Amino acid sequence: MNKKEIENLIHHYHWMAKEVHRLQRVLYGSEIPMRSWGVAKYGLDAAMPKGSSGKSQAELREMDLREERLFKRLRHFEERVYAIEAAARMIQGEQHKVIYDCMMEGLSYRAIGFHLGISRETVRRMKDEIICQLCQNCRFVQLLNPEKSIV
């Protein structure tokens with residue numbers, strides 16, 4: 001990965017983390033309200049025939065394709081988010097760590113500079129140093145490009 005791709009990855013971290021949570025909620029959580037589950041019916045409602053609440057095979061197949069696509073996207077974003085979060089431990093210097101965290105939150109150079117009391121040009125220069133640190137770290141690049149190796 002080159003420096004621009006790493007910078008874009010850090011810049012997009014904020015929405016990718018939100019998308020990971022949304023996809024986890026869709027795939028693993030319950031989107032169906034459970035208020036009426038377990039409530040018994042009495043009288044004529046209980047005696048009347050009910051329609052099938054199940055889904056047809058075509059609907060199940062479509063759902064499987066959608067869930068498979070969402071699962072692949074979830075794995076892709078989880079790998080990226082994990083790599084960006086793991087990279088925070090590799091950064092040296094307290095000010096660099098603060099700038100990295102602010103970049104992950106999506107703050108602009110001006111906002112980061114105001115937060116730290118430095119100019120935005122200094123923030124840009126320090127951001128370049130952070131990205132150089134990440135580029136030189138082989139472990140970060142391996143986290144972003146997981147390839148199976150034969151041992």
Side-chain angles (χ1 to χ4, degrees), residues 1-39 50-116 118-151:
M1 290 193 97
N2 62 22
K3 292 180 181 182
K4 190 65 176 171
E5 290 173 338
I6 292 174
E7 182 179 353
N8 285 336
L9 197 61
I10 295 168
H11 177 71
H12 295 309
Y13 168 81
H14 190 66
W15 70 262
M16 283 192 295
K18 285 183 176 180
E19 183 66 5
V20 165
H21 291 297
R22 185 189 74 84
L23 290 172
Q24 286 174 343
R25 192 174 60 248
V26 168
L27 292 172
Y28 306 128
S30 176
E31 299 250 331
I32 301 169
M34 295 175 35
R35 283 178 277 160
S36 64
W37 287 12
V39 177
K50 278 103 183 138
S52 172
S53 62
K55 306 237 184 258
S56 69
Q57 287 299 323
E59 287 176 315
L60 289 173
R61 220 176 5 261
E62 287 297 319
M63 286 177 59
D64 289 344
L65 292 175
R66 178 179 179 268
E67 287 179 356
E68 182 179 341
R69 181 177 44 86
L70 291 178
F71 187 74
K72 286 179 183 177
R73 188 178 337 147
L74 174 65
R75 288 293 168 233
H76 174 76
F77 285 148
E78 281 178 339
E79 289 171 359
R80 299 288 193 254
V81 167
Y82 174 75
I84 294 168
E85 290 173 351
R89 292 187 295 261
M90 301 173 199
I91 296 173
Q92 299 169 351
E94 288 303 314
Q95 233 179 5
H96 286 91
K97 290 179 182 181
V98 171
I99 290 174
Y100 187 76
D101 288 338
C102 290
M103 287 172 58
M104 287 172 55
E105 292 176 12
L107 295 177
S108 65
Y109 292 162
R110 179 174 289 170
I112 296 171
F114 182 74
H115 175 67
L116 294 175
I118 56 178
S119 70
R120 69 174 189 233
E121 183 59 32
T122 306
V123 172
R124 188 195 59 74
R125 186 176 39 78
M126 292 177 85
K127 182 230 12 146
D128 289 339
E129 293 171 5
I130 292 168
I131 293 176
C132 284
Q133 285 180 18
L134 295 177
C135 285
Q136 292 172 359
N137 193 327
C138 297
R139 186 167 172 251
F140 176 70
V141 176
Q142 288 173 351
L143 286 173
L144 288 174
N145 299 322
E147 296 178 4
K148 296 179 181 174
S149 60
I150 299 172
V151 180

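Predicted model only: the values in this text are computed from it and were never measured. Just so it is clear, the values below take in all heavy atoms, side chains as well, and ignore hydrogens, waters and symmetry mates. Quick note: residue numbers are just sequence positions, from 1.
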Under the salt bridge (Lys or Arg N to Asp or Glu O under 4.0 Å) criterion, do Glu129 and Arg125 qualify, and how do the steps go? CA-CA 6 Å; Glu129 293 171 5; Arg125 186 176 39 78; 3.5 Å; yes

Is there a side-chain contact (heavy atoms from CB on, under 4.5 Å) between Val26 and Arg66? Walk through the geometry before answering. CA-CA 11 Å; Val26 168; Arg66 178 179 179 268; 4.3 Å; yes

Val81 and Glu19: side-chain contact (heavy atoms from CB on, under 4.5 Å), yes or no, with the steps? CA-CA 10 Å; Val81 167; Glu19 183 66 5; over 6 Å; no

What's the verdict on side-chain contact (heavy atoms from CB on, under 4.5 Å) for Arg80 and His76, showing C-alpha distance, side-chain angles and the deciding distance? CA-CA 7 Å; Arg80 299 288 193 254; His76 174 76; 3.4 Å; yes

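Under the rule for a ring pair (Phe, Tyr, Trp, His ring centres under 6.0 Å), the partners of Phe77 that lie at least two apart in sequence or sit in another chain are Trp15.
Residues in residues 102-115 take part in no salt bridge (charged side-chain N to carboxylate O under 4.0 Å, His left out) pair, two or more places apart or across chains.
When side chains are defined from C-beta on, Leu116 does not count as touching Thr122, because their heavy atoms never get closer than 4.5 Å. Leu65 places none of its side-chain heavy atoms less than 4.5 Å from the side chain of Arg69. Counting heavy atoms from C-beta outward, Ile118 and Met126 have side chains that approach closer than 4.5 Å. Val98 has its side chain within reach of His115: a pair of non-hydrogen atoms, C-beta onward, lies under 4.5 Å apart. The shortest distance between side-chain heavy atoms of Arg22 and Lys18 does not fall below 4.5 Å. The shortest side-chain heavy-atom distance between Ile84 and Tyr100 falls under the 4.5 Å cut-off.
Heavy atoms only, all atoms of each residue included: Glu85 and Tyr13 are closest at OE2-OH, 2.6 Å. Scanning all heavy atoms of the two residues, the minimum distance from Val20 to Leu74 falls at O-CD1, 3.7 Å.
Under a cut-off of 6.0 angstrom, the local environment of NZ in Lys97 is crowded, with over 12 non-hydrogen atoms contributed by other residues, nucleotides or ligands. For Arg120, the CZ atom counts as loosely surrounded, since its 6.0 Å shell holds 12 or fewer non-hydrogen atoms of other residues, nucleotides or ligands.
Panel note: side chain Glu7, backbone Ile131; no donor-acceptor pair is recorded below 3.5 Å.
The distance from the CG atom of Leu23 to the NE2 atom of His21 is 11.0 Å, given to the nearest 0.5 Å. The distance from atom CG of Leu27 to atom CD of Glu67, rounded to the nearest 0.5 Å, is 6.5 Å. Here the CG atom belonging to Leu9 is positioned 10.5 Å from the CE atom belonging to Met104, to the nearest 0.5 angstrom.
The pair Glu68-Lys72 meets the salt-bridge criterion, with a side-chain N (NZ, NE, NH1 or NH2) lying under 4.0 Å from an Asp/Glu carboxylate O. Classification of Arg124 and Asp128 as a salt-bridged pair holds, one side-chain N sitting under 4.0 Å from a carboxylate O.
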